[in-house]
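All values reported here derive from a predicted model rather than from experimental measurement.
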Amino acid sequence: MSTVFGDQTGSYLKIIHANKTRKPDGIYYDLIFEFRCKLYHWPQYGKKGLWGAIDNGVFVGTVIAK
């Protein structure tokens with residue numbers, strides 16, 4: 001977690017599921033993350049401060065490592 005643009009107290013990233021599968025074209029990882037974070041404006045866009053928050057975030061996806 002980065003606090004470059006603001007406080008991230010209470011934020012987290014949890015790996016809920018990870019499964020590794022080998023296939024002829026590479027190694028695949030099926031992943032599920034749960035996360036919580038605060039979202040901040042990027043100063044280069046002319047705004048500063050808290051923009052919003054993600055309270056019950058979930059990422060579900062597959063990543064290939066070649």
Side-chain angles (χ1 to χ4, degrees):
M1 299 292 178
S2 174
T3 58
V4 172
F5 298 117
D7 178 47
Q8 287 294 339
T9 300
S11 297
Y12 62 86
L13 176 68
K14 293 180 186 177
I15 300 173
I16 302 302
H17 171 80
N19 186 53
K20 178 180 173 182
T21 305
R22 292 182 186 270
K23 295 185 179 182
D25 61 338
I27 298 172
Y28 287 77
Y29 293 92
D30 297 318
L31 303 169
I32 301 175
F33 299 152
E34 288 183 352
F35 62 97
R36 177 181 196 175
C37 65
K38 296 173 187 168
L39 306 172
Y40 291 88
H41 291 285
W42 284 47
Q44 63 263 39
Y45 295 132
K47 295 184 179 181
K48 293 181 181 179
L50 186 65
W51 175 75
I54 299 174
D55 291 322
N56 296 303
V58 177
F59 169 85
V60 177
T62 301
V63 177
I64 184 173
K66 290 190 173 193

If every non-hydrogen atom of [X] is compared with every non-hydrogen atom of [Y], which pair is closest and at what distance?
X: Lys38; Y: Gln8; value: O-NE2, 2.8 Å
X: Cys37; Y: Ser11; value: CA-OG, 3.4 Å
X: Ala18; Y: Leu31; value: CB-CD2, 3.8 Å

Taking the side chain as every heavy atom from C-beta outward, state whether Tyr40 and Asp7 have any pair of such atoms under 4.5 Å apart. yes
Hydrophobic clustering (ILVMFWY, side-chain heavy atoms < 4.5 Å, transitive) - are [Y] and [X] grouped together?
X: Ile54; Y: Leu13; result: yes
X: Ile15; Y: Val60; result: no
X: Ile64; Y: Phe33; result: no

d(Leu50 CG, Leu39 CG) to nearest 0.5 Å is 7.5 Å
Partners passing side chain to side chain donor-acceptor pair (under 3.5 Å) against Tyr29 (at least two apart in sequence or in another chain): none
Qualifying side chain to side chain donor-acceptor pair (under 3.5 Å) pairs, either residue in residues 47-63, two or more places apart: Asp30-Thr62
